[in-house]
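To keep things clear, I will list the structure first and then write my remarks on it.
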Protein chains: 2
Amino acid sequence: MQYSISHVAKMAGVSARTLRHYDEIGLLAPAAVSSNGYRWYGRSQLRRLQRILLLRDLDVSLPQINAILAGDDGEASALRRHLMLVTAERDRLDRIAATIVRTLDDLEGQDRLPDEEFFRGLDAGRAQLAATLQERFGDAAASTLQIAAARTAHWTRSDYDQAAADGRELYGRLSRTRQSGVDPASPQALDIVAEHYEAVHAMWPVDPAAYHALADLIEGDAQQRGVVGAEDRHLPPWLAAAIRAYAIHRLDYRRP
Amino acid sequence: MQYSISHVAKMAGVSARTLRHYDEIGLLAPAAVSSNGYRWYGRSQLRRLQRILLLRDLDVSLPQINAILAGDDGEASALRRHLMLVTAERDRLDRIAATIVRTLDDLEGQDRLPDEEFFRGLDAGRAQLAATLQERFGDAAASTLQIAAARTAHWTRSDYDQAAADGRELYGRLSRTRQSGVDPASPQALDIVAEHYEAVHAMWPVDPAAYHALADLIEGDAQQRGVVGAEDRHLPPWLAAAIRAYAIHRLDYRRP
DNA sequence: GTAGAAGTTGCCGTAGCGAGAGGGTCAATC
DNA sequence: GATTGACCCTCTCGCTACGGCAACTTCTAC
């Protein structure tokens with residue numbers, strides 16, 4: 001009726017160290033501990049261990065397993081939440097795998113030839129932006145751009161098209177908000193600018209000061225003004241004001 | 001030309017702590033360290049950092065990145081190997097996600113009704129096996145079976161069908177090997193038994209002694225003999241001999 | 001001279017154990 | 001009674017890639 005630790009370990013296919021660990025963290029205590037310190041396990045411990053291993057196989061964390069077995073929280077709802085984590089991680093790995101495949105294609109010289117002209121244009125635009133940044137904000141800003149750009153080195157034409165479409169959609173919403181007379185510093189405007197901030201932040205490690213400075217660029221640089229104001233030539237100054245308000249009110253930016 | 005640590009950190013969107021860590025592990029040393037201990041980075045460090053971050057985004061480990069940048073090993077081949085790891089992990093998470101979904105279906109009562117009869121038969125067979133194990137090898141062996149069975153609690157009918165098909169295929173190959181007059185203790189036979197061992201081991205944490213004992217069951221228990229010898233009634237004793245040889249020669253099993 | 005910003009080293013914590021070191025306990029055997 | 005070998009115990013370090021804090025020094029500005 002009582003099994004020693006290595007006996008249980010063999011039956012369950014885990015190590016004795018693992019069982020000691022589970023004891024240590026309070027996940028599976030032995031039925032009894034004899035005076036010499038030996039751990040002894042019974043049937044109910046085996047049943048509990050069985051459920052532990054089942055959940056562990058699903059990548060549920062040990063504290064989570066403990067919570068589930070304690071009934072702190074319905075098994076079904078816990079599993080549903082866990083499922084979201086697992087699928088999110090799987091999707092992330094899926095994207096990484098796709099990126100690696102593209103990178104390998106690049107390395108093997110099957111270059112981005114079909115869209116060469118597009119990428120030449122992209123590089124030219126980027127060089128111009130780098131020059132502008134250097135002129136306005138100095139050497140370091142240009143370096144920042146270069147590092148950020150390197151992270152999209154593996155992007156394909158369709159990635160850029162997708163990003164451009166997302167950008168146009170966002171500018172469209174901003175434009176409609178402006179046209180409905182909303183103040184650029186109003187909460188409603190800032191909520192949309194938050195998306196703009198997130199999008200910029202995802203590509204480029206901006207701090208509040210840099211985001212604030214971006215307003216100057218959008219308003220003052222002809223190239224940027226052209227991009228932002230393509231559909232609505234009054235958008236650049238409005239967005240610049242909204243960005244400044246966002247930096248100040250939501251990012252706690254203080255003018256130096 | 002020289003950037004301070006927090007300056008580089010801001011440009012690259014990482015923390016100063018991260019840069020110190022990279023210095024510590026020898027992944028990215030500063031261009032110079034002044035007498036007060038301050039780290040100073042130059043352009044070439046920025047370029048290296050850019051490549052580091054690119055690979056880090058692909059989940060390449062820091063030592064691996066170091067090896068790749070040192071040119072120890074072609075970038076392409078390193079990435080190909082990494083790709084296999086990533087896709088394997090993604091597939092694992094994919095299977096886990098599918099398992100969780102099935103488990104949730106079960107929990108919500110949409111039980112395995114359509115195949116109820118099949119599962120009743122499975123449970124009956126398993127109960128009989130448990131009884132046999134208990135009789136032959138004692139209580140503990142029956143517990144082992146129970147723990148192992150719990151791990152297939154989420155299997156669906158098609159999982160079982162797949163496993164059964166795999167089993168039949170394996171028995172078929174073993175049978176053809178036997179019929180061609182191969183000795184059960186020959187390397188050729190043991191190579192196929194290795195697959196049998198792997199399959200058993202994946203489901204059931206067998207040690208060499210348990211695997212050796214399985215031979216007795218296959219030879220002596222009517223139920224097991226029926227399964228293994230379904231297509232070839234001379235297979236059970238031959239396989240039993242091969243299993244014993246495998247346990248002794250490849251798993252270093254010694255008779256007590 | 002003194003504040004504040006920015007730099008340094010160093011240590012603890014993370015998840016889930018693996019791999020020892022160093023030392024008791026138990027059953028069987030000589 | 002002593003030895004042997006198989007178990008068992010409790011430490012502690014190591015692994016990833018840093019985050020976060022403490023304690024201290026240094027630079028810069030007023």
Side-chain angles (χ1 to χ4, degrees), chain A residues 2-41 49 52-67 82 85-86 89 92-93 96 140 205 207-209 254 256, chain B residues 2-41 49 52-67 82 85-86 89 92 140 205 207-209 254 256:
Chain A
Q2 299 285 56
Y3 305 105
S4 73
I5 193 167
S6 63
H7 201 153
V8 174
K10 252 186 217 168
M11 285 193 282
V14 300
S15 72
R17 177 72 180 82
T18 297
L19 293 174
R20 285 191 203 104
H21 182 60
Y22 291 175
D23 185 11
E24 197 181 329
I25 64 173
L27 180 58
L28 179 69
V33 178
S34 46
S35 60
N36 57 15
Y38 284 27
R39 294 172 176 82
W40 298 101
Y41 296 82
L49 178 56
I52 290 171
L53 296 180
L54 196 60
L55 289 166
R56 194 190 63 165
D57 283 350
L58 300 179
D59 270 18
V60 181
S61 75
L62 300 187
Q64 263 295 317
I65 293 177
N66 215 345
H82 185 61
L85 294 179
V86 170
E89 178 65 7
R92 193 183 71 86
L93 292 181
I96 286 180
D207 57 7
R254 302 271 163 256
Chain B
Q2 300 285 55
Y3 304 105
S4 73
I5 192 168
S6 63
H7 201 154
V8 174
K10 252 188 216 168
M11 285 193 282
V14 300
S15 72
R17 178 74 181 77
T18 296
L19 294 175
R20 283 190 204 104
H21 182 59
Y22 290 175
D23 186 10
E24 198 180 330
I25 64 174
L27 180 57
L28 179 69
V33 179
S34 46
S35 60
N36 55 16
Y38 283 27
R39 294 171 176 83
W40 297 102
Y41 297 82
L49 178 56
I52 290 171
L53 297 180
L54 195 60
L55 289 167
R56 193 189 65 166
D57 283 350
L58 299 179
D59 270 17
V60 181
S61 75
L62 300 188
Q64 263 296 317
I65 293 177
N66 216 345
H82 184 61
L85 295 180
V86 170
E89 178 66 6
R92 194 182 71 87
D207 57 8
R254 302 272 162 254

* Asked: Can you tell which of D/dC9, C/dG16, C/dT25 lies closest to the side chain of A/I5?
  -> D/dC9
* To do: For residues B/R39 and B/R20, determine if any side-chain heavy atom of one lies less than 4.5 Å from a side-chain heavy atom of the other.
  => yes
* **Flag side-chain contact, heavy atom, 4.5 Å: A/L62 against A/Y22** => yes
* Structure fact -> Rounded to 10°, the helix from C/dG1-D/dC30 to C/dC30-D/dG1 deviates from straight, judged by its five-pair end axes, by 50°
* **Sidechain-backbone polar pair: A/H82 side chain, A/Q64 backbone, donor-acceptor under 3.5 Å** => no
* **Phosphate-side-chain proximity, A/S15 and C/dC17, N/O vs OP1/OP2 below 4.0 Å** => no
* Integer-rounded Å distance: C/dG16 P and A/D23 CG -> 16 Å
* 5' precedence on DNA chain C between A/T18 and A/N36 (nearest-nucleotide basis) -> A/T18
* To do: Mind calculating the distance between CD (A/E24) and P (D/dC9) to the nearest angstrom?
  => 12 Å
* Asked: Below 4.5 Å, heavy atoms only, C-beta onward: do B/L49 and B/M11 meet side chain to side chain?
  -> no
* If we only count heavy atoms from C-beta on, is the B/D59 to A/L93 side-chain gap below 4.5 Å? -> yes
* To do: Go through the structure and list residues passing side-chain contact (heavy atoms from CB on, under 4.5 Å) with B/S4, not counting sequence neighbours.
  => B/S6, B/H7, B/W40
* To do: Check every strand shown and say whether A/L62 touches a base, only sugar-phosphate, or nothing at a heavy-atom separation below 4.0 Å.
  => sugar-phosphate
* May I ask you to verify if any side-chain N or O of B/Y22 is less than 4.0 angstrom from the OP1 or OP2 atom of D/dA17? => no
* Mind calculating the distance between NE2 (B/H7) and C1' (D/dC27) to the nearest angstrom? => 17 Å
Polar pairs (N or O, both sides) under 3.5 Å between protein and nucleotides 20-25 of chain D?
from   : atom 1 : to    : atom 2 : distance (Å)
D/dG20 : O6     : B/R17 : NE     : 3.1

* Asked: Given side chains that start at C-beta, do those of B/L27 and B/R56 come closer than 4.5 Å, heavy atoms only?
  -> no
* Indicate the atoms forming the closest heavy-atom contact of A/A16 with A/A9, along with that distance. => N-CB, 3.8 Å
* Of the listed nucleotides D/dG19, D/dC8, C/dT8, the one nearest the side chain of A/S4 -> D/dC8
* To do: Whole angstrom is fine here: how far is it from CG in B/D57 over to P in D/dA17?
  => 13 Å
* Which one, D/dC18, C/dG7, C/dC17, comes nearest to the side chain of A/R56? -> C/dC17
* Output yes when a side-chain donor or acceptor of A/N66 lies under 3.5 Å from a complementary backbone atom of A/G26, and no otherwise. => yes
* Could you state the atom-to-atom distance from NE2 of B/H21 to P of D/dC15 in whole Å? => 11 Å
* Structure fact -> When rounded to whole Å, the CD to C1' distance for the pair B/Q2 and C/dG7 reads 16 Å
* Using whole Å, report how far CG of A/L19 lies from C1' of D/dT10. => 16 Å
* Under 4.0 angstrom, heavy atoms only, what part of the nucleic acid is A/R20 near: base, sugar-phosphate, or nothing? -> base
* To do: Search all heavy atoms of A/I96 against all heavy atoms of B/L58 and return the closest pair with its distance.
  => CG2-O, 3.6 Å
* **Residue mapping more 5' on DNA chain C - nearest nucleotide basis, B/R39 or A/P63** => B/R39
* Structure fact -> Note: for B/S61 and B/S35 on DNA chain D, the residue whose nearest nucleotide lies more 5' is B/S61
* Indicate, with a heavy-atom threshold strictly under 4.0 Å, whether B/I25 touches base, sugar-phosphate, or nothing. => nothing
* What's the CG-C1' distance between B/L53 and D/dC18, to the nearest Å? -> 13 Å
